[in-house]
Each structure stands twice: as C-alpha cells, then as structure tokens.
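For reference, the structure discussed in these notes is given below.
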Amino acid sequence: MAKVNVGIPQGTRDFGPEVVRKRNYIFDTIRNVFELYGFQPLETPAMENLETLMGKYGEEGDKLIFKILNNGLDSPAKQEQAREDFEKVLKGKNAVGVTERALKYDLTIPFARYVAMNHGQLTFPFKRYQIQPVWRADRPQKGRYREFYQCDADVVGSNSLLNEVELTNIYADVFEKLKIPVEIKINHRKILIGLAELGGGASKAMDITVAIDKLDKIGLSKVKEELVERGLNLSEISTVENYLSISGSNEEKISQAKHLLGSIEAGKKGIEELEGILQYPLATQHADAAGRHADIYRRDSPLIIDFTLARGLDYYTGIIFEVRAKGVQIGSIGGGGRYDDLTGLFGVPNIPGVGISFGVDRIYDVMEELKLFPTGVSTATQVLFFNLGDKESKVALATAQELRRKNVRCEIYHEPAKFDKQFKYAEKKNIPFVVIIGEEEIKNNSCKIKNLTTGQQVEIPLKEISEFFFR
RNA sequence: GUGGCUGUAGCUCAGUUGGUUAGAGCAUCAGAUUGUGGUUCUGAGGGUCGUGGGUUCGAGACCCAUCAGCCACCCCA
C-alpha cells in the first residue's frame, strides 16, 4: 500500500455516507421544527469582513476568529504596505493590509449584519433560521471542533416575552423528537447585574459571573477563592454565597431570589421575566393514545432555572439559555439569549432580538453515545435486484425502473455474480429486500422477493411487485 | 495560548531487562459452495513499527527533535 501523505486541517472532519445520513436526520428534524414555528431560512457567506466580527465576542473570542490572508501580498506594488502591516500583526494588532476577511465565528453576528443592511426591506418581527458551518481557531478536544455546524433561530424586532417562550418550546420539541433527555437551563443577565450591584458594584459584574459560572465544576470554596482574587471583600462574598445557595424547585428558587435581589431594580426585572416564561406551559410532550404524560409533564419539565448560568458572549442582555444533555459528559449542546441592540453595532439602533442555537456536532456525539439514532436512518437503498446474467438483468432493470417511478429506492447488482456475493453486498449496505429474477422466474413471469431481516421469501407475479412494496 | 497522554496491518491492540524472520482478533479477498446471505472451516494478501536524528555490536522498545491524534485548562456549540 502506497504511503498516503495527505490529511485535513486539525479539528476538521470528513463525513462518510453513514455519518452524513445521521447528520441529515438531525438537520431535518431541527429544520422541520423551525419551519413549524414560522421561521424563514437565511444563508450568509462563509466569510465576513474582519471588522464585522472583531470585538463582538469578547477578548477571548477575537483570538479564536480564523483570519484569511489577503491575496496578492507578493505583488511589488503592495510589498511595502504589506511589510508595514505585518509588523503590526506581530504586535498583536489587526492590519487590513494583511487580512481583511475572516471565517464566520457564529451565525448571530452575521445575521445582525444582514438585518442592519436590509432593515428597510424586512417586515418585523423578522424570524429567521440558519443552518451553516462556523469556524473557531480553538484547540480541538472532546465535543470541540474547528469547523462545526450551528442551527440558529432568532426573532428580531420584538420585545415580547412570547418569543422566549416559543424558543424554549422549539428546544423542547427538537430534543423530544431526537429523544435526547435534556435540561434547558435559563437565567437572566439582569439578575447577574443585580447581584453585582449588591455584592461589589456593577463594575464587578464580569468578575462575579465568570467565577460563579464555574460553581458546578470547581465547587463553592474554589469559587470563593477566585472571588477573593478578583478583589471582593468578605461581606460581598457572603452575598454571592447566599445567592449561590439558592436551590429547590423553580418556584422556590424564584421566591428566594426575590428575597435576595427583589429590592434591586435590575434583579427585580430579571426575576419577573423568568417568572413570566415559566407561566406558559411547555407544550412538547404530547399525550399518547392513552392520555399518559399529560399531567406528569410539569414535574418532568426540562426547563430549569440555574442562577449560576452566565454564558460568555458579551452581547446578551436579557434571558439566557443553555441546553445540556443528561448523562453525557460533553459541553452544552445549545445556547442562546436576548440581546437588546445587536444591530446597533452596525449603525441601526433599536432592533432588539432573541435567539437560540443548536450544536449539531455535539448533538451527534450525544446521540451516538446514547445510541439514539433510529435503525432506519442508515437504510439508503431499499431493494437490491440480483444480477443473474445479461437477459435476466434487463428484466431486473426494467422492473427497478418501475419501482423507482414509485419512489422505491432500488439498485441492481453491478455485474453477474454468485448469490453469495450479491447477498453479502445487500447485507453490508443494509438493504432490507432483495429481488431475484432468474431464468426460472422469467419463464414463470414472476420474481422472488426475500426479506433479509426476517429471512422470509415469497414468489409473486412480476406485475404485482409494486403492490408488494405498498401493502 | 498552557499542561498531560498516545502513535505497531484497513480497525482494535499484544510485543518480556534492548537480542533470530514483528504477532493476534476483527475486517478484506479467494476457496469449501455454478440458484439462497448471516454460522462454520481452509488459505491468501496486507508493516519503512508516525517522521527525522542519536545511543548501541544490535532499537518497535532507550534519548532528543518533529508531526499527528486524543484529553484537560481557558473558553465554548
């Protein structure tokens, strides 16, 4: 075997036929739900102007943006400028002479850019969904890739809480359809701001959220250590500790939060909105024929208040979401939230929005780990026609065409071969039926159909074949 | 960006303190079987031991470098 010296960039992957089918199953499920809720599709370019992306994802985010080297840097006319700009790059600055485009980092900012560019033509509220790859120059590890797909749904141009309710319903709907047990955690940025005002002042908001976000990972005592490092005094820390000790059902959490933060304007507002969302029923778990699920559902609601939820993206200002799969050690498989004024960054103020995102690649990993893909997903061809010679294959081909016209997916074995081989081919490709048309069958005007799953075989008149597959 | 682990057949992995011609299972192909798969049996192909250097009489094993993959931190989907 020749040594192949080829590869693909770190953190990227090829997807073989089986994997593509499974991924499409996820994409289709999500897309259908988006459509059910009245969202419209949008696609934006793989790359954006660098300045569109820079400064939107926080300092860390900027470092993770894949930048594209300008073409023509070697042209003599530009060489001096290129050299000068490269010096800037070495100092950690951006220089348009070297790079002025970048691969998109998420779907939300390009969407905001689109809305800003087209706000004159759009009817608001504008509800769009978008399913496209994004790129991050992160170091790959479990559940983390450098190229991965996001599926976003956003509503812009409306302040109504009903949008948040609909989006949580989309989350619940999709994950129910995919059979992934999830927790949909919700929190509110204003509650975090309220906490900061109470414990250290608004300027400490970032320090506090960063620290408490780690609670479930590093534990309370380490969080307190980190708060000390970040310059909070003892009484401030004890305020934060009180906040973190909030527990119980959603209702209990709300009432404790009111007690602690209800006197602060921001906190009060945040709590009210969380309460507002929880008042709506989450209408995903449909009663089955016997009417079960109908009332146990409220207790099993995946919607859970988590006051430690912070989320990194700078632009969120209201409700924030994060979805985690139960029983799988992987990061979040979805996230989102409300932003007051994203398009303001592009010169068009006063268009608020709220959105959610699905991480398909992680959802795939979760479903693989929990073995949740339905068996039919990898069935491509439904019927294999055996090839038993020249004359026989002509009949087989004609019959296959008849079935194909009726949308049955068929193929004919590519050359005459022993039964053994043709059977094994069908097996390997997971084809459930084989049709045998040989000399005998042609004489009788019939065909044999064998179900490879059950092993049962029947002989029927050739002209009844399509009925067989539509019983 | 920081740290750790692992690279031996297509895949999963053995390989003794450094010692003859580097093994197994699975997979592939052929045959037993010229109209009935999944089971079984027989046989075959397939390796520059990630790459480059070093130590040694001798390296798959030890040392250094490098590349790749995985994992953790940071951050995130």
Side-chain angles (χ1 to χ4, degrees), chain A residues 1-13 26 30 57-65 92 105-108 131-152 171 209-211 213-214 217-218 222 226 309-314 321-325 328-336 355-366 384 386-389 392 413 416-442 447-459:
Chain A
M1 179 91 57
K3 187 97 189 176
V4 280
N5 195 19
V6 293
I8 53 176
Q10 193 180 41
T12 65
R13 297 147 303 155
I26 300 173
I30 295 173
Y57 308 106
E59 220 173 294
E60 285 299 313
D62 282 356
K63 288 187 204 158
L64 300 180
I65 294 171
Y105 177 91
D106 73 353
L107 302 180
T108 308
I131 299 179
Q132 287 192 277
V134 300
W135 293 267
R136 293 185 191 177
D138 223 342
R139 204 119 155 212
Q141 53 176 282
K142 186 175 182 184
R144 173 173 301 181
Y145 308 98
R146 285 185 155 181
E147 177 185 65
F148 61 96
Y149 270 75
Q150 288 193 328
C151 304
D152 276 31
Y171 264 147
T209 50
V210 167
D213 192 36
K214 299 177 187 166
K217 209 179 262 178
I218 62 177
K222 291 264 175 167
E226 192 160 333
L309 179 63
R311 301 208 39 88
L313 293 174
D314 281 358
F321 305 104
E322 186 163 300
V323 184
R324 292 198 169 251
V328 181
Q329 272 313 108
I330 199 163
S332 57
I333 55 177
I356 57 172
S357 180
F358 291 83
V360 172
D361 303 79
R362 285 186 180 174
I363 290 172
Y364 180 95
D365 290 346
V366 168
L384 176 73
F386 272 22
N387 187 334
L388 299 171
E392 292 86 345
Y413 195 79
K418 290 196 286 187
F419 269 51
D420 183 70
K421 269 201 147 177
Q422 308 201 38
F423 267 120
K424 281 183 173 152
Y425 178 82
E427 222 175 287
K428 230 170 291 167
K429 282 193 74 176
N430 228 333
I431 301 172
F433 291 98
V434 301
V435 172
I436 301 168
I437 300 173
E439 211 178 329
E440 275 175 48
E441 287 81 8
I442 289 182
C447 65
K448 291 199 173 104
I449 303 177
K450 183 159 185 174
N451 180 330
L452 290 195
T453 332
T454 64
Q456 278 177 343
Q457 181 173 305
V458 293
E459 179 163 5

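Proteins come first, then strands; the chains are lettered A, B, ... in the order of their sequence lines, and each starts at number 1. Note: hydrogens, waters and symmetry copies are ignored here, and every other heavy atom, side chains too, is used.
Interface residues of residues 429-436 of chain A facing RNA chain B, ordered by number: A/Ile436; criterion, heavy-atom separation under 4.0 Å.
Between the CZ atom of A/Phe423 and the C1' atom of B/rG37 there is a distance of 5 Å, given to the nearest Å. A straight line from CZ of A/Phe386 to P of B/rU36 spans 11 Å, rounded to a whole angstrom. Between the CG atom of A/Leu309 and the C1' atom of B/rA77 there is a distance of 14 Å, given to the nearest Å. At whole-Å resolution of the value, CD in A/Glu226 and P in B/rC73 are 14 Å apart. Rounded to an integer number of Å, the gap from CZ of A/Arg136 to C1' of B/rC76 is 6 Å. One interatomic measurement links the two molecules: CG of A/Asp365 to P of B/rC76, which rounds to 20 Å at whole-angstrom precision. Taking atom CD1 on A/Ile65 and atom C1' on B/rC75, their separation rounds to 14 Å, with Å as the unit. Distance CD (A/Glu60) to C1' (B/rC76): 10 Å, rounded to an integer number of Å.
The shortest non-hydrogen separation linking A/Asp62 to A/Tyr57 is OD1-N, 4.5 Å. Smallest separation of non-hydrogen atoms from A/Gln422 and A/Ala417: NE2-O, 2.8 Å. A/Gly438 approaches A/Glu441 most closely through the heavy-atom pair N-OE1, 2.9 Å. What you find for A/Lys450 and A/Gly455 is that their closest heavy atoms are CE-O, 3.6 Å.
Between the side chain of A/Gln457 and the base of B/rU36 there is at least one donor-acceptor pair of N/O atoms closer than 3.5 Å. Checked by distance alone, A/Arg144 brings a side-chain donor or acceptor within 3.5 Å of a matching partner on the base of B/rC75.
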- Task: Could you go through the side chain to side chain contact (heavy atoms under 4.5 Å, CB included) check for A/Arg13 and A/Asp361 one step at a time?
- Result: CA-CA 11 Å; A/Arg13 297 147 303 155; A/Asp361 303 79; 2.6 Å; yes
- Item | CA sep, side-chain torsions, deciding dist, call: A/Leu107, A/Val134, side chain to side chain contact (heavy atoms under 4.5 Å, CB included) | CA-CA 7 Å; A/Leu107 302 180; A/Val134 300; 3.7 Å; yes
- side chain to side chain contact (heavy atoms under 4.5 Å, CB included) evaluation trace for A/Glu392 with A/Ile442: CA-CA 7 Å; A/Glu392 292 86 345; A/Ile442 289 182; 3.9 Å; yes
- Task: Might you work through the side chain to side chain contact (heavy atoms under 4.5 Å, CB included) test for A/Val360 and A/Ile30, ending with a clear yes or no?
- Result: CA-CA 9 Å; A/Val360 172; A/Ile30 295 173; 4.3 Å; yes
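Here, B/rG52 and B/rG15 have their P atoms 25 Å apart, quoted to the whole Å. Annotation: B/rC11 and B/rC76 have their C1' atoms spaced 32 Å apart (nearest Å). Here the separation of B/rG58 from B/rG18, taken at their C1' atoms, is 8 Å to the nearest Å. If you take atom C1' in B/rC26 and the same atom in B/rG45, they sit 16 Å apart, rounded to whole Å. Between B/rG54 and B/rU42, the distance separating the two P atoms is 47 Å to the nearest Å. Rounded to a whole angstrom, the distance from the P atom of B/rA65 to that of B/rA27 is 42 Å. Across the P atoms, B/rA24 and B/rG43 are found 12 Å apart, a figure rounded to whole Å. Straight-line distance between the P atoms of B/rA77 and B/rG53: roughly 45 Å, to the nearest whole Å.
Listed by chain and residue number, nothing satisfies the side chain to side chain donor-acceptor pair (under 3.5 Å) test with A/Gln457 (two or more places apart in sequence, or in another chain). Among residues two or more places apart in sequence or in another chain, the ring pair (Phe, Tyr, Trp, His ring centres under 6.0 Å) test is passed with A/Phe386 by A/Phe419, A/Phe423.
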- Any chance you could list the contact pattern along nucleotides 65-72 of chain B? Use B for base contacts, S for sugar-phosphate-only contacts and - for none, protein heavy atoms under 4.0 Å, 5' to 3'. ----S-SB
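Closest approach to the A/Asp138 side chain among B/rG37, B/rC75, B/rC76 is made by B/rC75 (side chain taken as heavy atoms from C-beta onward). Nearest nucleotide to the A/Glu441 side chain, out of B/rG35, B/rC75, B/rG37: B/rG35. When the nucleotides B/rC75, B/rG37, B/rG35 are ranked by their closest atom to the side chain of A/Val210, B/rC75 comes out on top.
In this structure, A/Ile333 reaches the sugar-phosphate backbone alone: every heavy-atom distance under 4.0 Å involves primed, P, OP1 or OP2 atoms, never a base. The residue A/Gly455 sits close to a base: some heavy atom pair falls under 4.0 Å. Using a 4.0 Å heavy-atom cutoff across all strands shown, A/Gly334 reaches sugar-phosphate atoms only and no base atom.
A stacked arrangement is assigned to A/Phe148 and the six-membered base ring of B/rA77, with a centre-to-centre distance below 5.5 Å and an interplanar angle below 30°.
More than 12 heavy atoms of other residues, nucleotides or ligands shown are found within 6.0 angstrom of NZ on A/Lys214.
Checked against the 6.0 Å centroid criterion, the rings of A/Phe358 and A/Tyr171 qualify as a close aromatic pair.
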Which pairs, protein N/O on one side and nucleotides 28-34 of chain B N/O on the other, fall under 3.5 Å?
unit_1	atom_1	unit_2	atom_2	d
B/rA30	OP1	A/Lys421	NZ	3.1

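Remark: A/Glu60 engages A/Lys63 in a salt bridge, criterion side-chain N to carboxylate O under 4.0 Å.
With a 4.5 Å cut-off on side-chain heavy atoms, A/Cys151 and A/Ile131 count as touching.
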- Item | Structure string for RNA chain B in dot-bracket form, Watson-Crick and G-U at under 3.5 Å, | interchain | (((((((..((((.....[...)))).(((((.......))))).....(((((..]....))))))))))))....
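The structure places CG of A/Asp106 at 12.0 Å from CH2 of A/Trp135, a figure rounded to the nearest 0.5 Å.
Along RNA chain B, the nucleotide nearest to A/Leu452 and the one nearest to A/Arg324 differ in position, and the one closer to the 5' end is contacted by A/Leu452.
One N or O on the side chain of A/Arg362 and one on the backbone of A/Gly143 form a donor-acceptor pair closer than 3.5 Å.
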